[in-house]
There are 2 protein chains.
Amino acid sequence: MSKQRPVLTGTEATGCCSPLAEQPIAAADAADLAAAFKALGDPTRLQLVSLIASHAGGEVCVCDLTPRFAVSGPTISHHLKVLRQAGLIDCERRGTWVYYWAVPAMLTRLAGLLQVPQPAAVR
Amino acid sequence: MSKQRPVLTGTEATGCCSPLAEQPIAAADAADLAAAFKALGDPTRLQLVSLIASHAGGEVCVCDLTPRFAVSGPTISHHLKVLRQAGLIDCERRGTWVYYWAVPAMLTRLAGLLQVPQPAAVR
DNA sequence: TCGCTGGATAGATGAACGTCTAAGCAGAGC
DNA sequence: GCTCTGCTTAGACGTTCATCTATCCAGCGA
């Protein structure tokens, strides 16, 4: 759990990596990036990220997340841990409750990677 | 294997889905989209997509792909099948060789999903 | 201090995954 | 028709994953 919650601007790390379709990914980067995509490769986790990122105020209490899914509390906790380890979300404990928020830099990085270059740019 | 190879413009399906951070993903969409992310969640497959999408001419022969990886031919074939079933790539046989190309609509759809809305757009 | 609540961790279990070797199939050329 | 090459499919095997129940830990209030 880091302390500083970033504002959801999406301008921090727009262009760390070139788009997938512009030049091949280096093997070293592939492992790192694939881990992030793998974290998103589960319906429950994808919905979790979406709920967290789209929530008003930019952060959500776990207690608001758990009842929205059919799986058990520990399972949600496990999925949140996977997403956190992938760098997609972060959290902080405040008293009894734990709050999660999205890390826009990581989302933007992945989005930029999948962006297909415009025709004018490639030829 | 479908017959028509689309040009890599990336303008076809810019906005099928709202960004993740704009509104929660519907459970029905989540399964579909998570499958695509899961397909990208393997280093070998991520590099395959990258090599295919960034290749000059927009398509690659399998024979050019296989020697660039440490895994066996059947394994590459398996990964290509997974990517094809996820709708990320498509292929066509031409005589002895099989050619693969990226499906820009799917890449753009995923990119749009991960796009973090600009601050001016949300408030 | 004691009990309650919110959430994380530990361990178990069945399913899915990544990889391999062996075999099959489709074209091309002799 | 036969054989060679390129690629896919089939089946096996060990690992990883998603989920559960049981347990633990942290903070709060009486």
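Every chain is numbered from 1, with letters handed out A, B, ... down the list of sequences. Heavy atoms only: backbone and side chains are in, while hydrogens, waters and symmetry mates are out. Keep in mind the model is a prediction, meaning the values are calculated, not measured.
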Checking [X] side chain against [Y] main chain: does a donor-acceptor pair fall under 3.5 Å?
X: B:T75; Y: B:V71; result: no
X: A:T108; Y: A:P104; result: yes
X: A:R45; Y: A:A39; result: yes

Roughly, in whole Å, what's the span from [atom1] in [X] to [atom2] in [N]?
X: B:R84; N: D:dT9; atom1: CZ; atom2: C1'; value: 12 Å
X: B:R94; N: D:dC7; atom1: CZ; atom2: P; value: 13 Å
X: B:Q85; N: C:dC17; atom1: CD; atom2: P; value: 10 Å
X: B:L80; N: D:dC7; atom1: CG; atom2: P; value: 10 Å
X: B:R93; N: D:dT9; atom1: CZ; atom2: C1'; value: 13 Å
X: A:K81; N: D:dT16; atom1: NZ; atom2: C1'; value: 15 Å
X: B:Y99; N: C:dG27; atom1: OH; atom2: P; value: 14 Å
X: B:L83; N: C:dG18; atom1: CG; atom2: P; value: 10 Å

Counting the atoms with a prime plus P, OP1 and OP2 as sugar-phosphate, which does B:G95 contact under 4.0 Å by heavy atoms, base, sugar-phosphate, or nothing? sugar-phosphate
Which part of the nucleic acid, if any, lies within contact of B:H79, taking any heavy atom under 4.0 Å across all strands shown: a base, the sugar-phosphate backbone alone, or nothing?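 Sugar-phosphate contact only - B:H79 comes under 4.0 Å of backbone atoms but never of a base.
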So if I take every side-chain heavy atom of [X] and compare against [options], which nucleotide ends up nearest?
X: B:V62; options: C:dG7, D:dT8, D:dT19; result: D:dT8
X: A:W97; options: D:dT9, C:dG7, C:dA10; result: C:dG7
X: A:T96; options: D:dC28, C:dT19, D:dC7; result: D:dC28
X: B:P74; options: C:dG6, D:dA18, D:dT8; result: D:dT8
X: B:S72; options: D:dT19, C:dC20, D:dG27; result: C:dC20

Looking only at heavy atoms, the pair that brings B:S50 and A:P24 closest together is OG-CA, 2.9 Å
Using a cut-off of less than 4.0 Å, is there contact between a side-chain N or O of [X] and OP1 or OP2 of [N]?
X: B:K38; N: C:dC17; value: yes
X: A:Y100; N: C:dG6; value: no
X: B:T75; N: C:dG18; value: no
X: B:R45; N: C:dG18; value: yes

Mark yes or no: A:R94 above the aromatic ring of A:Y99, with NZ or CZ under 6.0 Å from the six-membered ring centre and no more than 45 degrees from the axis.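 Here A:R94 passes the 6.0 Å and 45° test against A:Y99.
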